[in-house]
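Chain letters run A, B, ... following the sequence lines, proteins first and then strands; every chain starts at 1.
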Protein chains: 2
Amino acid sequence: MVCSAADVLGALGDRWGTLLMRDLLLGLTRYEDLRRSTGATNATLSDRLRELEANGLVERRRYQTRPDRYEYLPTPRGRDLKLLLTAMVQIGDTWNLADREGPPLRFVDTRTGRRVALALVDAETRELVSAGHVAVEAGCGADAVMRWRLERAAALRKAGSDAGPVSADGDATPRAK
Amino acid sequence: MVCSAADVLGALGDRWGTLLMRDLLLGLTRYEDLRRSTGATNATLSDRLRELEANGLVERRRYQTRPDRYEYLPTPRGRDLKLLLTAMVQIGDTWNLADREGPPLRFVDTRTGRRVALALVDAETRELVSAGHVAVEAGCGADAVMRWRLERAAALRKAGSDAGPVSADGDATPRAK
DNA sequence: GAACTTAACTCTGATAATCAGAGTGAAGCA
DNA sequence: TGCTTCACTCTGATTATCAGAGTTAAGTTC
């Protein structure tokens, strides 16, 4: 599938892979720590670590001999996922589904001690851009399917706004059966 | 699990849920479009849509009667995931695993036409913060497990730097067998 | 020196999810 | 009369995940 988001999803594998990258990026490195932290079973854990290694997100490294023991370290590519982690934490914090009194994790600027957040900026000037002014369009790497998605979405938007605000009140009826 | 990232992961469910949110946030709304776009089977697709609805990320709305037909729209909570999508696309673009000549999707500022990117800013002043100056610490919502993760990670970092650069050259040996 | 612990796994057998694809029902179109 | 669209449900085979037991090699405790 021609989509950068799908590429990242594919590299992570699934929930377990993502949870493992969270722990690895927080600084855990050892099998037993990862198992305790995530609660994954041995079969799933060793499979996922292998997969993350095959996808170039972590490196398996011996940290002791007699007996040989190994730890797992994020590669530079794996470290790119810090951005993803930050986004997930930020979204989860605003949702606060578990109704906590505060966030479990805080990202802070080591120089000022103040909290940091993700924001959209102009790619060149680095000036802030408000989310309302951001649009998505096909890039030059887009294939026919991606172009179809965007055109279909644009068509639906047009049909929706043509019909006017009258049709904006759909009812969210419970499913039959 | 007390972790905002895990909350988001739980709400999305899995790869299919995430892929569906991508399409819904791009503007697709109908079952058949989603099926064609994601390639999910009917069983998986209807199950995941139900799950996303149950988790409050999408709303199922009737858009026609005789016969009744329904479409799926992201809720405000679902729209929060745009940040996640943006992060995934940005990471996937820099990886460029498929060796494309350009990105499949572009996020642009509608006023200037220029590309936008995610950046870390001071939560209050909105000034840019470089990734190197960002640290993670326990927030007041952290439980014992989260505190253990951070302490364990700090202990490993300390042990690693105490041993000095000599131990920094681990070997990435292939697995036996 | 016999037993217990730690770490990083592999293996097993039962349960649960996913798959491709066929089928359904209500309507419009030819 | 039959042909298509849309939003699904259902089926039977394959695949993944689960809890938990077992393995290997070493150090630590009684």
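- A straight line from CG of L49(B) to P of dC6(D) spans 16 Å, rounded to a whole angstrom.
- If you take CZ of R66(A) and C1' of dT24(D), they are 16 Å apart, rounded to a whole angstrom.
- Not one side-chain nitrogen or oxygen of R62(B) sits closer than 4.0 Å to the OP1 or OP2 atom of dC6(D).
- Within the structure, every side-chain polar atom (N or O) of T44(A) is placed at least 4.0 Å from both OP1 and OP2 of dA16(D).
- Closest to the T41(B) side chain, of the nucleotides dC9(C), dA26(C), dA20(C), is dA20(C).
- Residue R69(B) places its side chain closer to dC6(D) than to any other of dC6(D), dA8(C), dT9(D).
- Distance alone, capped at 3.5 Å, places no donor-acceptor pair between the E137(B) side chain and the V108(A) backbone.
- Of the residues near DNA chain C, A43(A) and Y63(A), the one whose nearest nucleotide (by heavy atom distance) lies more toward the 5' end is Y63(A).
- Protein atom CG of L45(B) is 8 Å distant from nucleotide atom P of dC8(D), rounded to whole Å.
- Taking 4.5 Å as the limit, every side-chain heavy atom of V145(A) sits out of range of all side-chain heavy atoms of V2(A).
- We find that CG of D68(B) is positioned 10 Å from C1' of dA26(C), with the value rounded to whole Å.
- As rounded to whole Å, 13 Å separates atom P of dA21(D) from atom CZ of R35(A).
- Proximity of L150(B) to L105(A): side-chain heavy atoms (C-beta onward) are separated by under 4.5 Å at one or more points.
- Listed candidates were dA8(C), dA17(C), dC8(D). Nearest to the side chain of R48(B) is dA17(C).
- Salt-bridge check for R35(A) with E32(A): passed, with a basic side-chain N closer than 4.0 Å to an acidic carboxylate O.
- Within 4.0 Å (heavy atoms only), D14(B) reaches sugar-phosphate atoms of the nucleic acid but no base atom.
- Whole-Å rounding puts the L34(B) CG to dA7(D) C1' distance at 11 Å.
- Across all strands shown, R15(A) has no heavy atoms under 4.0 Å from either base or sugar-phosphate atoms.
- Counting non-hydrogen atoms under 4.0 angstrom, R30(B) reaches the backbone sugars and phosphates but no base.
- Listed nucleotides: dT17(D), dT9(D), dC19(C). Nearest to the side chain of N42(B): dT9(D).
- If you take OH of Y70(B) and C1' of dA7(D), they are 10 Å apart, rounded to a whole angstrom.
- Distance alone, capped at 3.5 Å, is enough to place a donor-acceptor pair between the T75(B) side chain and the G56(B) backbone.
- Considering only side-chain N and O atoms, R60(B) lies under 4.0 angstrom from the phosphate OP1 or OP2 of dC8(D).
- Atom OH in Y31(B) sits about 7 Å away from atom P in dC8(D), given to the nearest Å.
- Taking the side chain of S46(A) as heavy atoms from C-beta on, and the options dT18(C), dC9(C), dT17(D), the nearest nucleotide is dC9(C).
- Phosphate proximity of dC6(D) to Y72(B): absent, as no side-chain N or O sits under 4.0 Å from OP1 or OP2.
- In the model, D80(B) has a side-chain atom that pairs as donor or acceptor with a side-chain atom of W95(A) under 3.5 Å.
- Considering only side-chain atoms of E32(A), the nucleotide from dC6(D), dT9(D), dA7(C) that sits closest is dA7(C).
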